[in-house]
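Below is one structure, written out as structure tokens; the observations come after it.
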Amino acid sequence: MADQKRRKDVRNLAIIAHVDHGKTTIVDALLKQTGAYDFKEGETTIMDSNPLEKERGITILSKNASLQYKGVQFNLVDTPGHADFGSEVERILKMVDGVLLLVDAFEGPMPQTKFVLKKSLELHLKPILVINKLDRTHARPEEVANMTFDLFCDLNATDEQLDFPIVYASGKEGYAILDLDDPRESMKPLLETILHRVLPPIANPELPFQMLVTMLDYDSYIGRIAIGRIFHGTIRVGEPVALVKRNGTIAKGKATKIMKYRGLARVEVNEAIAGDIILISGVEDVEVGETLANIDDPKGLPAIKIDEPTISMYFSHNTSPLTGKDGGRFLTSRHMKERLRHEAMINVGIKVEEVVGTDRLKVSGRGELHLSILIETMRREGYEMEVSKPQVILKKMGSQTLEPVEEVVIEVEEEYQGVVMQAIGSRKAQMKDLKTTSSGTVRMEFTIASRALIGFRSEFLMMTRGNGIMYQNFLEYQTYKGELPTRQSGVLVSQGNGVAVAFALFNLQPRGEIFIKPGDDLYEGMIIGVNNKGVDLVVNPLKGKKLSNMRASGSDEAIALITPRQMTLEFALEFIEDDELVEITPKNVRLRKMNLNEEERKREKNRISKSKE
């Protein structure tokens, strides 16, 4: 067939794996081996350019790189391993003809390994299995290879897909081998495997131009940048292009700039042909999943199916009395709306809707982590905001209500098994599997409603003293599971505005955990700690000790305060109830009541109880 020509000088491949199985380190090793990037002293995980990615050690945004090997250009795409960023993985796989599936030589396949592999098998991509981190103690590469083969079978891989090559590697030490007895010298065995086992792209430069837009970027000078793979034809700078929208309508644009990747850099070129992964600017209203096509023959490629959001939250600008005092630069609802609309434009996993009659926006995403990363990014950019408790998105099917359900894998020392099973069991989790690993830990698999997991992660870390490992992955929508246990404790709420006093906090300590320290700015309605008795209590943390002429302020014994909890965004989102908000500024994360005034809160409570009668 005329349109089945393949470009022998290009290989397009994605790197897929579970969180922290070494994708970014393998890319480092390949870039070093081929000299595609000039590493400076001590520089690592070069693809994780986002500061949040460096801190958390996970890939959040898909990124591209290219390298040359034996005259062939390898276009590599590093994908996120976390299921919350599944919309990224899905689109990226449309650009490539093969995948490197990375699996940790000790841990073996994990829930996200299953998630990303399932996506690639559905697209009929042939994987190369890379068993990474051979340098780890207790590495068990042969056992892991068998476990991964079983996973392929579970996912109904075809006979052709089951015939996958296996490469053993250590990205950290910069070597790959095809047999465990081979000398460990360089990454060449992996490069050779890619060259011979990843299919060259089908690409006919003589057909009319067609490019599927799989990612978007934005530049304040040149506007929107469409990123994707050219499936057919050729495009030159200055040529008009047609934009085929999802609904079949056609808009016009012009290729004002075309760029390709060289290593990690973007390089301007005059033309690009079928098989290339390129960046193109000049088409203003382009969206992910649409097609850029020949102006005289505008035909759309099949649109990309993207997983729907499962969790939503309400965002609004900061309305607390402390707004603007923590170094925030963007304080108004207009700033907030512009930023969130921009996010929805380039991040297809995020959906933003206005709430009629209010300044609030409903923001939906693929999970708690997905939304908390967005919040953390915005706060670092100088935004101040308030967000509500995360809520799962329910679906109606006939008379049934459905809710998102997740697969959870928990790995703990044997001593914590009982307490974990009791805690997750109280949240209506169902056990699927339980086994002891070769390292002596217990691995348990559960299915559990997504909403039951909100708040569980921090509780899990406390009950296992930080030693437990927990992975979760969206499974499907199932019948609504009914009521679940909620937070048992109440909160301590500040009575007025001012500065926290050590003496007052000392007297409040017996009531429950305190979130603030002496000298912190407070306001009426701000949550300053936990009340173990299970009801909300308004307290005065501003009250100092009464001094008389018989007692001097310096003669009392030192007040011993317990160190307050370090307030993190994750804990705050998990802790709050429906009538509470998290206030987020560049410097602080605070908890507050929606209604700051105590009298207003009482009136609201009475109104709700009357409406239920």
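- For the pair Asn146 (side chain) and Glu143 (backbone), a donor-acceptor distance under 3.5 Å is absent.
- At a threshold of 4.5 Å between non-hydrogen side-chain atoms, the residues Asp182 and Pro189 do not count as touching.
- Within the 3.5 Å criterion, the main-chain N or O of Val286 finds a donor-acceptor partner in the side chain of Arg224.
- The closest side-chain heavy-atom distance from Asn12 to Val198 is not below 4.5 Å.
- Lys396 and Thr401 share a side-chain donor-acceptor pair at under 3.5 Å.
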side-chain contact (heavy atoms from CB on, under 4.5 Å) between Val103 and Met147, intermediate numbers included:
CA-CA 10 Å; Val103 180; Met147 289 160 74; over 6 Å; no

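- The line from CD1 of Ile278 to CD1 of Ile225 is 11.5 Å long, rounded to the nearest 0.5 Å.
- A search for side-chain hydrogen bond (donor to acceptor under 3.5 Å, both in side chains) contacts involving Lys245 returns Glu290, not counting sequence neighbours.
- Between Leu123 and Ser120, the closest side-chain pair of non-hydrogen atoms is not below 4.5 Å.
- For the pair Leu279/Tyr261, a side-chain contact is recorded, criterion being any heavy-atom separation below 4.5 Å from C-beta on.
- For the atom pair NZ (Lys8) and CG (Leu195), the distance works out to 12.0 Å, reported to the nearest 0.5 Å.
- Contact check for Arg7 versus Pro205: no side-chain heavy atoms found under the 4.5 Å cut-off.
- No donor-acceptor pair under 3.5 Å is formed between the side chain of Gln73 and the backbone N or O of Ser66.
- More than 12 non-hydrogen atoms from other residues, nucleotides or ligands lie less than 6.0 angstrom from CD of Glu415.
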Residues Glu403, Lys481; criterion salt bridge (charged side-chain N to carboxylate O under 4.0 Å, His left out); working and verdict
CA-CA 8 Å; Glu403 68 172 327; Lys481 309 290 180 194; 5.9 Å; no

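- In this structure, CZ on Phe152 lies 7.5 Å from CD on Gln161, to the nearest 0.5 angstrom.
- Taken from CG in Leu394 to OG1 in Thr310, the straight-line distance is 11.0 Å, to the nearest 0.5 Å.
- The closest side-chain heavy-atom distance from Pro200 to Asp97 is not below 4.5 Å.
- The shortest distance between side-chain heavy atoms of Ile393 and Ile311 does not fall below 4.5 Å.
- A distance of 5.5 Å separates CG in Leu129 from CZ in Phe164, rounded to the nearest 0.5 Å.
- The side-chain heavy atoms of Leu30 and Leu191, taken from C-beta on, include a pair separated by under 4.5 Å.
- For the atom pair CD (Glu107) and CZ (Arg140), the distance works out to 9.0 Å, reported to the nearest 0.5 Å.
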